Amino acid sequence: MNLHDSLTRETRRFEPLRPGRVAVYGCGPTVYDFAHIGNFRTFAVYDLLHRHLRRHGHEVDFVVNFTDVDDKTITGAANAGLLLGEHTETFVDAFLDDAETLGFLPFSSHPRATAYIPAMVAFIERLVKRGSAYLAADGSVYYAVPSFDAYGRLSGKGGDDDAGRARIDAEDLDKRDPRDFALWKPAQPVDRDVGAVWDSPWGLGRPGWHLECSVMATSLLGDTIDIHLGGEDLLFPHHENEIAQSEAATGQPFARFWLHVKHLKVDARKMSKSLGNFHTVRELLDEGYDPAAIRWTLLSAHYRSELNFTRDGLDDATASVQRLVDFRRRVRDAGETPGGATELAPRAGEHLAAFGRALDRDLNVPRALAALWTLVREVNTALDAAGGGMARADREAVLDALAGMDAVLGVIDLAESSRKVADTDEERVQALVDAREQARATRDFATADRIRDELATEGIRLEDTAEGTRWTRIRTGP
Ligand code: AMP
Ligand code: ZN
């Protein structure tokens, strides 16, 4: 398979360093608040890559960290009157819930930065010994950017003339170069208040954010990892700094491929907490959207292309997922015609191969989806022509192809599982739906609305169609 590497700016063949075993690190959520669906665009691409690598037969060590100590988590804990760990726990759990809701395969591990402080201290000591870091008068330890020749190679930023672009804050007075960044920060009163302080050779303090990822990545995956991922905003300075720290400490290339996911936008602006234009997964579920539709929305564009979030887009995604669910049902339930496989069976195999080849081209999902829809169209045409029946061998081949595609897309099973309801529950829901129709018929809209709201809190969405009210379960219980 080919992947686009942001460092060399080329798309080239990917082979893991160790045959059959791929080491991947993706920058994970900063657990100071609920992750929004912009964050989840990036994480959904992690899952896509994870699944595609597994389809290739690789074992994947996929590490996604929790940034559970940084300025935002500390401020968040202080504002909530909680200890750091108490504050971040909520959002660690929320992330894991949302990841499950969106059907992510479990990642191999989710290290928390706070569990790696001794390793971080040792890492900084190594950098100081090698002349790549220094203790400043304010008690911070800084990375000495001029000591690393390749600085700026990833982002094209941070060269000498870019020095002014580096974030300037009060600490800069103690830096030897404005581009230098903190590896260790001396304890502030707020850090002590929330318990975000650790002992070190440089006194009580806490690690810098960039350092955290270098240490977790190299501790868990070794000096050189195969693929490092993150959202495009992390290219500079975060990833540039990760490279500088890691390569200075180990003397080895840090990551062989760098993948950066373009931001999810809303009305042409980045979806972000600070702009206040964000939605969380749970908000969209509460509005009645299906997890599979959210997943589809996040994955249907190529990860290096623009993706603009709209309600219309989500509605289209809902319709696409429904079409696939209906299609699979139609094939499963198709009556069996006598005889062996027709040309449908090999065609299905070809479409599956085309789907895989598209993903091999730097995870080209739009091209892969074209193969999927061609399969759907051809099979539907054949079913129509044969009065809704098909040969058993054809059916198996089509279902296999569909399963192979969904092993990576992960929407059909997800849609079906999120709608599963126990029979008894089904009867009760149907009774409420009937009561609501009755109420509407007598223009008792207050009752009708009350029933709709009540069902919504259980995760059931009603749709009034010409043939009556249809209901779907979009999630389980409140
Ligand atoms: P954070 O929780 O801010 O550390 O971000 C977690 C991940 O989400 C990082 O890889 C970010 O680059 C990524 N990210 C943040 N905003 C967006 C967005 N609007 N679209 C896609 N990815 C994003
Ligand atoms: Zn990171």
Side-chain angles (χ1 to χ4, degrees), residues 6 24-49 62-73 75-76 88 90-92 94-96 98-99 102 104 107 110-113 116 120 123 154-155 181 183 207-221 225 227-246 254-255 258-281 294 297-299 301-310:
S6 324
V24 192
Y25 185 88
C27 289
T30 307
V31 281
Y32 71 109
D33 200 347
F34 296 104
H36 56 66
I37 56 162
N39 302 131
F40 273 104
R41 178 187 192 188
T42 292
F43 302 139
V45 172
Y46 295 5
D47 184 59
L48 179 77
L49 176 69
F62 205 127
V63 175
V64 178
N65 75 291
F66 287 120
T67 300
D68 66 347
V69 51
D70 78 325
D71 293 345
K72 288 179 190 163
T73 46
T75 311
T88 56
T90 308
F91 305 111
V92 166
F95 170 85
L96 294 172
D98 291 348
L102 295 179
F104 291 5
F107 295 108
H110 285 294
R112 297 172 197 217
Y116 283 77
M120 292 174 194
F123 199 96
L154 174 69
S155 60
F181 54 91
L183 303 171
W209 168 44
H210 311 303
L211 179 83
E212 297 175 4
C213 283
S214 282
V215 173
M216 288 183 273
T218 53
S219 299
L220 287 160
L221 297 169
I225 60 183
I227 305 173
H228 195 312
L229 303 129
E232 60 175 342
D233 58 320
L234 299 186
L235 216 115
F236 183 82
H238 185 54
H239 291 160
E240 196 69 63
N241 292 354
E242 276 190 47
I243 294 174
Q245 297 161 153
S246 307
F254 178 43
W258 284 90
L259 268 61
H260 288 99
V261 182
K262 248 202 165 49
H263 275 147
L264 182 68
K265 296 203 166 162
V266 187
D267 303 326
R269 299 170 82 194
K270 172 186 168 183
M271 178 175 287
S272 79
K273 291 274 157 56
S274 51
L275 291 171
N277 60 354
F278 64 92
H279 304 280
T280 59
V281 172
I294 303 173
T297 302
L298 298 178
L299 284 179
H302 187 263
Y303 75 94
R304 288 193 293 124
S305 305
E306 292 280 308
L307 175 57
N308 199 32
F309 173 81
T310 61

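Below, all heavy atoms of this structure are taken into account, side chains as well, without hydrogens, waters or symmetry copies. Atoms within a ligand are numbered from 1 in the order they appear, just like the ligands themselves. Nothing here was measured: the structure is a model prediction, and the numbers come from that model.
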Between ligand 1 and the protein, which N/O pairs fall short of 3.5 Å?
{"from": "ligand 1", "atom 1": "2 (O)", "to": "Thr30", "atom 2": "N", "distance (Å)": "2.9"}
{"from": "ligand 1", "atom 1": "4 (O)", "to": "Thr30", "atom 2": "OG1", "distance (Å)": "2.6"}
{"from": "ligand 1", "atom 1": "5 (O)", "to": "Asn39", "atom 2": "ND2", "distance (Å)": "3.4"}
{"from": "ligand 1", "atom 1": "8 (O)", "to": "Asn39", "atom 2": "ND2", "distance (Å)": "3.0"}
{"from": "ligand 1", "atom 1": "10 (O)", "to": "Gly231", "atom 2": "N", "distance (Å)": "3.0"}
{"from": "ligand 1", "atom 1": "12 (O)", "to": "Gly231", "atom 2": "N", "distance (Å)": "3.2"}
{"from": "ligand 1", "atom 1": "12 (O)", "to": "Asp233", "atom 2": "OD1", "distance (Å)": "2.3"}
{"from": "ligand 1", "atom 1": "14 (N)", "to": "Asn39", "atom 2": "ND2", "distance (Å)": "3.4"}
{"from": "ligand 1", "atom 1": "19 (N)", "to": "Leu264", "atom 2": "O", "distance (Å)": "3.2"}
{"from": "ligand 1", "atom 1": "19 (N)", "to": "Met271", "atom 2": "O", "distance (Å)": "2.9"}
{"from": "ligand 1", "atom 1": "20 (N)", "to": "Gly38", "atom 2": "O", "distance (Å)": "3.2"}
{"from": "ligand 1", "atom 1": "20 (N)", "to": "Leu264", "atom 2": "N", "distance (Å)": "2.7"}
{"from": "ligand 1", "atom 1": "22 (N)", "to": "Gly38", "atom 2": "O", "distance (Å)": "3.0"}
{"from": "ligand 1", "atom 1": "22 (N)", "to": "Thr42", "atom 2": "OG1", "distance (Å)": "2.7"}

Under 3.5 Å, is there a donor-acceptor pair between the Thr73 and Asp70 side chains?
yes
Can you classify the ring geometry of Trp258 versus His239 as parallel (below 30°), tilted (30 to 60°) or perpendicular (above 60°)?
tilted
For Phe107 and Tyr46, take the angle between the two ring planes, folded into 0 to 90°, and tell me which bin it lands in: parallel under 30, tilted 30 to 60, perpendicular over 60.
perpendicular
So that I know where these two stand, are Phe95 and Phe66 an aromatic pair - ring centroids less than 6.0 Å apart?
yes
Checking side-chain contact (heavy atoms from CB on, under 4.5 Å) against Leu183, which of His210, Gln245, Glu212, Met120 comes through?
Gln245
Shortest non-hydrogen contact between Phe40 and Asp98, atoms and distance:
CZ-CB, 3.4 Å
Atoms of protein origin (N, O or S) under 2.8 Å from the Zn ion (ligand 2)
Cys27 SG, Cys213 SG, His238 NE2
Closest heavy-atom contact between Met271 and Asn277?
CA-OD1, 3.4 Å
Main-chain N/O of Arg304 paired to His302 side chain as donor or acceptor, under 3.5 Å:
yes
Closest heavy-atom contact between Gly26 and Phe62?
N-CE2, 4.4 Å
